[in-house]
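Some notes on the structure that comes next.
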Amino acid sequence: MTSIPTSRPAAGPASLAAAPAPVRPGAAAHAIAWCYENLTALSSDLTPRPAINTLFHFLVSVCTAPGSPRHTSDTLTHPTIAPIIAPLRRLCSAAESALESHHAYRIAGRLDPPESFPYTSNYALLARLELHTLLGTPHPPPQDARVLFLGCGPMPLSVLSLAAIAPGWRFTGVDICPRAIDLARGVATVHGALAERCEWIVDDAEEPTEVDVGAFDIVFVAGLVEAKERVFKMVAARGRRGAAVVLRSARGLREVLYPAVDEEMVWQMGLEVVGVAHPEGEVVNSVLVARVPSGSRM
């Protein structure tokens with residue numbers, strides 16, 4: 001997922017102290033810790049509003065700024081940062097869910113136009129990175145691919161962005177939450193003709209019972225899907241031989257926001273890693289493309 005707030009609001013809240021300037025590793029660590037402290041104070045309500053948007057804009061700007069491997073290592077292992085990475089990721093996940101639910105409700109209900117979602121361009125850029133990575137693998141997907149998206153959530157811009165640039169593909173979005181599926185269907189309908197190539201099903205991404213995982217040419221695993229090892233193992237066991245599996249990861253200071261996917265773990269779960277791409281600029285997630293082995297299953 002790529003919708004952690006990254007655009008600067010018109011004005012920040014007066015209650016927030018001036019943000020520190022992250023110049024050196026120690027300063028970057030101090031800046032991340034400052035964001036964590038303020039987000040924790042607001043964690044009872046992460047609904048999008050100026051204070052939340054200001055904090056996430058600053059946090060993402062720190063984590064996506066260019067830096068050397070040494071700078072990244074020193075920051076991630078800084079004694080102030082190492083203990084807070086896991087709880088900070090949980091805050092990011094909760095804020096992302098609140099952001100998407102808020103806008104999905106308003107767009108699906110036609111209270112706001114589709115372009116009102118502030119991070120549409122981030123989804124479009126990530127979709128292009130994913131498509132280009134897929135096409136660059138030794139076995140690119142067919143032009144009429146069937147695509148399964150596990151953990152589509154209420155704001156299915158990953159699916160819709162891919163549908164816009166891969167006009168022959170057909171998509172099935174899965175989420176365990178019925179409300180999320182209702183909103184995803186509503187948001188897709190507002191996007192017009194793209195919705196004709198999409199279906200939305202309530203199912204468990206970890207152990208689907210309503211969809212046949214083996215019927216798809218490509219399986220996307222959303223960044224916020226939990227129990228990733230279990231999901232990867234399930235796809236390796238039940239996926240079509242030779243099917244592509246697209247995973248979202250992170251590298252560098254972006255790992256403060258999302259966990260990196262361990263490539264060795266992916267191999268151990270029965271998948272073959274065939275492509276990796278890391279973003280520049282505003283996109284947060286890296287892309288890892290794996291493949292269900294064409295030989296015998298696990």
Side-chain angles (χ1 to χ4, degrees), residues 1-4 6-7 60 63-66 96 114-115 117 119-153 155-173 188 191 193-194 197-198 216-225 228 231-232 235-236 239-255 257-263 266-267 271-294:
M1 173 352 273
T2 183
S3 63
I4 286 178
T6 58
S7 60
V60 172
C63 294
T64 57
E96 184 174 333
E115 59 271 18
F117 187 71
Y119 313 111
T120 301
S121 64
N122 297 63
Y123 278 97
L125 289 169
L126 179 57
R128 290 188 178 278
L129 182 64
E130 290 170 329
L131 178 60
H132 291 164
T133 307
L134 278 164
L135 294 178
T137 62
H139 304 280
Q143 293 185 352
D144 60 348
R146 290 193 63 192
V147 182
L148 175 64
F149 201 101
L150 297 174
C152 64
M155 179 61 74
L157 286 185
S158 291
V159 171
L160 296 172
S161 297
L162 285 163
I165 59 177
W169 293 4
R170 302 190 66 85
F171 298 83
T172 298
H191 281 77
L194 294 180
R197 291 187 284 119
C198 303
F216 295 89
D217 303 291
I218 310 170
V219 179
F220 281 79
V221 180
L224 296 184
V225 167
K228 284 187 171 59
V231 174
F232 299 165
V235 174
R240 175 184 295 176
R241 290 180 175 87
V245 186
V246 183
L247 316 172
R248 291 176 177 177
S249 184
R251 184 178 72 164
L253 288 187
R254 288 169 167 84
E255 294 177 42
L257 308 173
Y258 293 95
V261 173
D262 182 352
E263 291 186 34
V266 175
W267 283 94
L271 299 171
E272 301 172 347
V273 177
V274 295
V276 179
H278 300 292
E280 302 287 344
E282 63 186 287
V283 175
V284 173
N285 290 115
S286 297
V287 177
L288 188 152
V289 178
R291 182 171 178 263
V292 178
S294 56

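Within the model, atoms NE2 of His278 and OG of Ser286 stand 5.0 Å from one another, a figure rounded to the nearest 0.5 Å. How far CD of Glu255 is from SG of Cys63: 10.5 Å, rounded to the nearest 0.5 Å. Of the inter-residue distances, the one linking Ser158 atom OG with Phe171 atom CZ reads 10.5 Å to the nearest 0.5 angstrom. With values rounded to the nearest 0.5 angstrom, Thr120 atom OG1 is found 11.0 Å from Leu125 atom CG. Note: Asp217 CG to Arg170 CZ = 13.0 Å, rounded to the nearest 0.5 Å.
Side-chain atoms of Val246 and Val221, non-hydrogen and from C-beta on, never get closer than 4.5 Å to each other. In this structure, the side chains of Leu162 and Val147 stay at 4.5 Å or more apart for every pair of heavy atoms. Glu263 is listed as a side-chain neighbour of Val276, based on a closest heavy-atom distance under 4.5 Å.
Between the side chain of Arg254 and the backbone N or O of Val283, at least one donor-acceptor pair lies under 3.5 Å.
At most 12 heavy atoms of other shown residues, nucleotides or ligands fall within 6.0 angstrom of atom CD in Gln143.
Nearest heavy atoms, Arg197 versus Gly168: NH1-N, 4.4 Å. The shortest heavy-atom contact between Ser121 and Glu282 is OG-OE1, 3.8 Å. Cys152 and Gly173 make their closest contact through SG-C, 3.9 Å (heavy atoms, listed as atom of the first residue, atom of the second, distance). Smallest separation of non-hydrogen atoms from Leu150 and Val225: O-CG2, 3.5 Å. The heavy-atom pair separating Glu272 from Pro293 by the smallest distance is OE2-CB, 3.6 Å. Residues Leu126 and Asn285 share a closest heavy-atom pair of CD1-O, 3.9 Å.
A search for ring-ring contact (aromatic ring centres under 6.0 Å, His included) contacts involving Phe149 returns Phe220, not counting sequence neighbours. Annotation: salt bridge (Lys or Arg N to Asp or Glu O under 4.0 Å) contacts of Arg146 (sequence neighbours excluded): none.
Using cut-offs of 30° and 60° for the angle between ring planes, the Tyr119 and Phe117 rings count as perpendicular.
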Identify every side-chain donor-acceptor pair in residues 128-142 under 3.5 Å, counting partners at least two apart or on other chains, and give the distances.
unit_1: Glu130; atom_1: OE1; unit_2: Arg248; atom_2: NH2; d: 3.4
unit_1: Glu130; atom_1: OE2; unit_2: Arg248; atom_2: NE; d: 2.8
unit_1: Glu130; atom_1: OE2; unit_2: Arg248; atom_2: NH2; d: 3.1
unit_1: His132; atom_1: ND1; unit_2: Arg128; atom_2: O; d: 3.4
unit_1: Thr133; atom_1: OG1; unit_2: Leu129; atom_2: O; d: 2.6
unit_1: Thr137; atom_1: OG1; unit_2: Leu134; atom_2: O; d: 2.7

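Checking each of Val273, Val274, Val245, Leu271 against Arg291 for a side chain to side chain contact (heavy atoms under 4.5 Å, CB included) leaves exactly one that passes, namely Val274.
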